[in-house]
Trainee: 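Below: one structure in C-alpha cells.
Whatever order the structure lists ligands and atoms in, that order sets their numbers, starting from 1.
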Amino acid sequence: MPTFEEARSSILQQVAPLGIERISLLDAGGRIIAENVTAPWDMPRWNNSAMDGFAIRFSDWQNSPRLKVEGYIPAGGTAEKTVAPGTAVRIMTGAPIPPGADAVVPIEQTEENGGEILINGQVRIHDHIRFAAEDVKTGERIIPAGTLLRPAEIGMLASFSKIFIPVYRRARVAILSTGDELIEPGETAGAGQIINSNSLALAAALSEIGAEPVFLGIARDNREAHREKLSEGLKADALITSAGVSAGDRDLVRETLDELGVESVFWKVDIKPGRPTAFARHGNTPVFSLPGNPVSTMITFEELVRPALLRMMGHQRVIKPTVRAVLTEPVSKKPGRLHFLRVQIKVDEGLYLANPSGDQNTGILKTMVRAGGLALLPAEREHFEAGDLVEVHLLGGGLEMLDK
Ligand code: AMP
Ligand code: MG
C-alpha cells in the first residue's frame with residue numbers, strides 16, 4: 001500500500017496539463033497563462049512627471065529660485081516645445097516632460113505670484129521624473145508561462161493591451177456518488193436513507209480551484225447503473241466517485257472500472273482517514289475513487305485530488321505548502337499510518353496555533369466544519385504534546401475560521 005507521499009506523487013506523475021484556449025483578459029483572473037509574454041513597448045513610454053508641479057531646468061534653479069511660468073502640459077497633453085531658459089512649465093502627473101527640462105518641482109514646494117514661482121528648499125537633478133522604460137523595457141519578459149493571473153498580472157497585461165491571452169483550460173470534472181441508501185438533498189429521507197452531501201461538497205471543492213463540476217447524480221448499487229454512469233464520467237477530463245470502494249458486497253466501483261478497461265494504479269493509501277482511496281486512469285482521464293464517508297471524501301479530495309487537478313489546469317505550485325503550528329493539546333494515535341487531524345487555527349502574536357477541532361471519528365462532520373486546517377501527523381509518531389510543532393495544510397478559507 002503506498003504511503004501518502006507515494007500516492008500523491010504517483011498521481012501527479014500520471015496527469016499533465018490539459019489544452020490551451022485563448023480568452024479575454026476580462027475572464028482571466030485565477031487562470032494560468034500558457035505562454036511567456038514580453039513587452040511590446042517601453043513602460044513608461046516617455047519621460048513623465050511623477051507630481052503635479054513645474055518642469056524646470058536644474059541649472060536655472062542653481063542660478064535663481066525664481067522662475068517665470070510659461071506653458072502648461074496637462075495629463076494627456078504633449079510636450080513639443082523646449083523649456084526656455086529661466087522658465088518653468090506647469091505640468092501635471094503623468095504628463096510628458098518637455099525637452100530641456102531635467103527636474104520637476106512639486107507644486108507644494110513653490111509659491112506662485114504674478115506669473116512667477118519661488119522655489120522653496122532643495123531641488124536635485126531628475127527629481128520627480130519617471131524615465132521611459134524604467135519600469136519595463138521593450139522585449140522584456142513581463143509574465144512567464146505558468147503564472148497564476150492575480151490582479152497584479154492582469155493589470156500588467158492590460159497595460160500592454162494584451163486583451164486576449166492563452167491560458168490552460170479549466171478541468172471539467174465528473175462527480176458520481178454511489179449507493180442504494182442515497183437520496184438527493186431536498187428529497188424526503190425514508191428509513192435508512194442518507195442524503196447525498198458528497199456531490200455538492202465536491203462541487204464546491206472543485207469551484208474553489210476553478211474546475212468545473214459535471215454532476216452525474218447517483219449510481220445505484222448494481223452493475224448496469226455503475227456501467228452507465230462510470231462510462232459517462234470517463235468522457236470528462238477527470239472522474240471522481242464517492243463510496244463503493246471498500247470490500248463491501250455491493251462495492252462495485254472497482255469491478256466496473258476494470259470492466260470498462262480503466263487501468264488501476266492503486267486501491268488503498270496508508271492514511272487515516274481515507275484508506276480506501278483508489279486511483280486509476282483511462283487514457284488521459286484520471287479516475288479518483290474516494291471513500292463515501294463525507295469527512296474522508298473531503299480530506300482525500302484536498303490532499304490527493306486537488307494537486308492533480310491543479311496540475312491539469314496548468315498550475316506550477318500544486319502541493320500546498322504546510323505551515324508550522326503549535327499544537328494546543330496532547331494527541332495520540334497508533335503508529336504506522338499518517339493521520340490528518342482536523343484542527344482549528346488560531347493566530348497568536350503571528351504564531352499559528354493548531355487546536356484539535358474535536359471528535360476525529362470519520363463519521364463526525366461537525367469537526368470538519370470547525371476545522372481551518374489539517375495537521376499532518378507523521379506515520380511513525382504516536383504521541384504529541386501540547387507545545388509540539390505540527391505541519392498544517394490550511395484549508396481554503398481556513399483563515400476565515402480564525403475566530404470561530
Ligand atoms: P461506503 O464507502 O459506501 O462504505 O460509505 C461510507 C459511509 O458514507 C456510509 O455511511 C454512507 O452512507 C456514507 N456515504 C456514502 N456516500 C455518501 C454521499 N454521497 N453523501 C453522504 N454520505 C455518503
Ligand atoms: Mg456504499
Trainee: At a 4.0 Å threshold, what atoms of ligand 1 neighbour a non-hydrogen atom of Ser177?
Mentor: 19 (N)
Trainee: Any ion pair linking Arg337 and Asp270 (charged N to carboxylate O, less than 4.0 Å)?
Mentor: yes
Trainee: Exactly one of Leu395, Val323, Val392 should register a side-chain contact (heavy atoms from CB on, under 4.5 Å) with Ile345. Which one does?
Mentor: Val392
Trainee: Are Glu35 and Lys162 ion-paired here, with the side-chain N under 4.0 Å from a carboxylate O?
Mentor: no
Trainee: Is a salt bridge present between Glu153 and Arg150, judged by a nitrogen-to-oxygen distance below 4.0 Å?
Mentor: yes
Trainee: Where does Leu182 meet ligand 1, judged by heavy-atom distances below 4.0 Å: at the side chain, the backbone, both, or neither?
Mentor: side chain
Trainee: Which of the numbered atoms in ligand 1 are below 4.0 angstrom from a heavy atom of Ser242?
Mentor: 19 (N)
Trainee: Have a look at ligand 1 and work out which part of Ile194, if any, has a heavy atom under 4.0 Å from it: side chain, backbone, both or neither.
Mentor: side chain
Trainee: Establish, yes or no, whether a centroid distance under 6.0 Å links the rings of His126 and Phe131.
Mentor: yes
Trainee: Consider side-chain contact (heavy atoms from CB on, under 4.5 Å). Of Val253, Ile175, Asn198, which one does Thr241 pass it with?
Mentor: Val253
Trainee: Tell me whether Ile218 reaches ligand 1 (any heavy atom closer than 4.0 angstrom to a ligand atom).
Mentor: no
Trainee: Within ligand 1, which atoms have a heavy atom of Pro294 less than 4.0 Å away?
Mentor: 21 (C), 22 (N)
Trainee: What atoms in ligand 1 come closer than 4.0 Å to a heavy atom of Ile195?
Mentor: 20 (N), 21 (C)
Trainee: Looking only at distance, does Gly292 have an N or O less than 3.5 Å from an N or O of ligand 1?
Mentor: yes
Trainee: Is there a polar contact, in the sense of an N or O pair closer than 3.5 Å, between Ser197 and ligand 1?
Mentor: yes
Trainee: Determine yes or no for a side-chain-to-main-chain donor-acceptor pair under 3.5 angstrom, with His393 supplying the side chain and Lys320 the backbone.
Mentor: yes
Trainee: Considering Pro185, Ala243, Gly179, which one's heavy-atom position lies nearest to atom 16 (N) of ligand 1?
Mentor: Ala243
Trainee: Judged by non-hydrogen atoms, does Gly244 sit under 4.0 Å from ligand 1?
Mentor: yes
Trainee: Hey, what's the ring geometry for Phe279 with Phe266, parallel, tilted or perpendicular (30° and 60° as the breaks)?
Mentor: tilted
